[in-house]
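Report on the structure given below.
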Number of protein chains: 2
Amino acid sequence: MPKNTFYNLSDEKKGRIFDAALEEFSVRTFDQASLNQIIKNAGIPKGSFYQYFENKEDIYLYMAEIILKEKSDILNCVRGIDPDADVFEIIMHTTREFIKQGKEKPGYAEAGMRMKLDNSEIAKRVRKSSAEKFVTMLERDKERGLIKPEVDSQVVINMISTFSLNEYYENGSDKERYLKNLGQAIKIIKDGIAQPKD
Amino acid sequence: MPKNTFYNLSDEKKGRIFDAALEEFSVRTFDQASLNQIIKNAGIPKGSFYQYFENKEDIYLYMAEIILKEKSDILNCVRGIDPDADVFEIIMHTTREFIKQGKEKPGYAEAGMRMKLDNSEIAKRVRKSSAEKFVTMLERDKERGLIKPEVDSQVVINMISTFSLNEYYENGSDKERYLKNLGQAIKIIKDGIAQPKD
DNA sequence: CCATCAAATGACCACCTGGTCTCATGTAAA
DNA sequence: TTTACATGAGACCAGGTGGTCATTTGATGG
């Protein structure tokens with residue numbers, strides 16, 4: 001975690017450093033990202049950086065934490081609206097909300113996504129918990145008899161999240177296309193796991 | 001492409017260099033991979049390397065070409081057996097064959113998979129053509145009325161290939177689990193896109 | 001025996017990396 | 001005014017990168 005000297009900084013400077021980290025980590029993975037580039041973006045000297053953070057990993061985790069928090073805020077907000085809503089609807093809704101935010105804060109969504117495909121141990125650690133909520137919701141639907149009992153919820157969530165990630169990249173700035181494809185994929189999965197009524 | 005000096009080398013030396021490249025590129029992405037490590041693995045001096053290859057990209061493409069060729073050989077072989085076979089069966093079969101090969105040649109499959117998640121332009125270029133064959137086969141099934149007409153074949157293939165990649169990594173050396181999950185995912189998709197008989 | 005020429009070689013280059021260390025500066029207390 | 005101390009600052013470090021180049025080696029043909 002950042003040192004006290006960082007938290008003592010003005011909000012403006014803290015923001016500048018956060019943005020600089022976001023700018024770099026949204027374009028490169030943890031290993032590839034250059035610390036020198038971050039401090040250049042932020043306009044602070046190397047020495048100052050190490051006065052604020054332990055090391056490169058430190059600022060990465062700091063940034064990741066903020067992004068993930070924001071993401072889970074969206075999720076909690078959506079769930080608040082209708083606790084019994086369809087899991088797939090919630091996923092689509094959350095994704096749409098996340099993209100909407102991404103338009104206002106460019107790099108936000110990019111960094112979040114990149115974190116997923118980052119193979120470094122540190123990124124793996126960060127992204128672990130994110131899918132758990134959806135798995136739980138699927139399990140609930142299974143108990144309700146809406147989903148074939150033999151289906152592995154974790155597999156289903158992995159299918160969606162990996163596809164979502166990939167399409168996000170493939171389609172670049174064409175978010176409409178991304179959402180369309182994600183919608184179709186989710187529909188296919190939904191049809192594929194639905195418990196047929198007899 | 002490699003220079004003539006490379007092809008003039010003894011098979012033993014060529015093999016040593018290929019193995020060295022495979023060893024490095026199966027563990028690191030193109031950008032992260034170290035040329036110095038490759039020449040150390042191969043036991044050749046730096047100067048010799050540049051007598052054989054134009055640059056780092058050159059040897060990467062050389063290696064990728066060989067791996068992809070091997071992969072498409074498997075695919076063609078499988079297709080040869082039963083040209084009318086189910087697309088999903090073929091994918092599962094190909095995957096199993098590829099893993100079987102991977103057991104004999106460690107690093108082979110790893111490098112092929114890593115190529116997929118490598119974000120460098122050069123890796124993107126390499127992996128482009130790989131999915132096309134499967135899309136064509138799906139289109140054929142659609143014309144036969146086996147698949148809902150509104151389904152986008154590209155989306156379906158992307159769903160499978162991205163999931164396959166992700167599971168391959170998640171499950172590490174547990175190939176059985178990987179195949180089991182892939183089988184389940186494919187079944188879900190198959191059920192999800194099947195044209196219901198009425 | 002010599003000339004030719006392709007191939008082998010590793011020292012070397014400029015550049016970049018994450019991280020350290022010393023010193024200057026500003027502020028606040030004594 | 002002096003002392004103390006947190007912080008700003010950037011030169012510097014060792015180690016790595018991909019790539020070059022002058023030189024040596026060794027085989028071939030005259």
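Here is how names work: the chains are called A, B, and so on, in the same order as the sequence lines, proteins then strands, and each is numbered from 1.
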In this structure, how many angstroms lie between the [atom2] atom of [N] and the [atom1] atom of [X], rounded?
| X | N | atom1 | atom2 | answer |
| --- | --- | --- | --- | --- |
| Ile39(B) | dG19(D) | CD1 | P | 12 Å |
| Arg28(A) | dG18(C) | CZ | C1' | 16 Å |
| Gln37(B) | dG15(D) | CD | C1' | 14 Å |
| Ile44(A) | dT7(D) | CD1 | C1' | 13 Å |
| Gln32(B) | dG16(D) | CD | C1' | 14 Å |
| Phe53(A) | dG18(C) | CZ | P | 15 Å |
| Lys40(B) | dG15(D) | NZ | C1' | 13 Å |
| Glu24(B) | dT17(D) | CD | C1' | 12 Å |

Sub-3.5 Å pairs of nitrogen or oxygen atoms, protein against nucleotides 5-8 of chain C:
{"from": "dA8(C)", "atom 1": "OP2", "to": "Tyr52(B)", "atom 2": "OH", "distance (Å)": "3.3"}
{"from": "dA8(C)", "atom 1": "N7", "to": "Gln51(B)", "atom 2": "OE1", "distance (Å)": "3.1"}

Less than 4.5 Å apart, any side-chain heavy atom of [X] and any of [Y]?
| X | Y | result |
| --- | --- | --- |
| Val27(B) | Gln32(B) | no |
| Glu97(B) | Lys100(B) | yes |
| Leu182(B) | Tyr168(B) | no |

| query | Does atom NZ of Lys3(B) have more than 12 heavy-atom neighbours, drawn from other residues, nucleotides or ligands, at distances under 6.0 Å? | reply | yes
| How are the rings of Phe18(A) and Tyr108(A) set relative to one another: parallel (under 30°), tilted (30 to 60°) or perpendicular (over 60°)? | tilted
| Candidate pair Asp152(B) and Gln184(A), rule side-chain hydrogen bond (donor to acceptor under 3.5 Å, both in side chains), full reasoning | CA-CA 8 Å; Asp152(B) 183 333; Gln184(A) 178 164 168; 4.9 Å; no
| Stepwise side-chain contact (heavy atoms from CB on, under 4.5 Å) check, Arg16(B) with Ile44(B) | CA-CA 9 Å; Arg16(B) 229 169 55 216; Ile44(B) 59 169; 4.0 Å; yes
| said: Do Lys187(B) and Phe88(B) form a cation-pi contact, if we require the NZ or CZ to be under 6.0 Å from the six-membered ring centre and within 45 degrees of the ring's axis? | reply: no
| task | Please determine if Lys56(B) forms a cation-pi arrangement with Phe30(B), meaning its NZ or CZ atom is less than 6.0 Å from the six-membered ring centre and no more than 45° off the ring axis. | result | yes
| said: Evaluate Leu179(B) against Thr95(B) for side-chain contact (heavy atoms from CB on, under 4.5 Å), listing each step before the verdict. | reply: CA-CA 8 Å; Leu179(B) 286 172; Thr95(B) 308; 4.0 Å; yes
| task | Apply the side-chain contact (heavy atoms from CB on, under 4.5 Å) test between Ile90(B) and each candidate in Val87(B), Asp86(B), Thr94(B); give the one that qualifies. | result | Thr94(B)
| Going 5' to 3' along nucleotides 19-28 of chain C, which nucleotides have protein heavy atoms under 4.0 Å from the base (write B), which only from the sugar-phosphate (write S), and which from neither (write -)? | BB--------
| message | If the helix axis at each end comes from five base pairs, how far does the helix from dT4(C)-dA27(D) to dA30(C)-dT1(D) deviate from straight, to 10°? | response | 20°
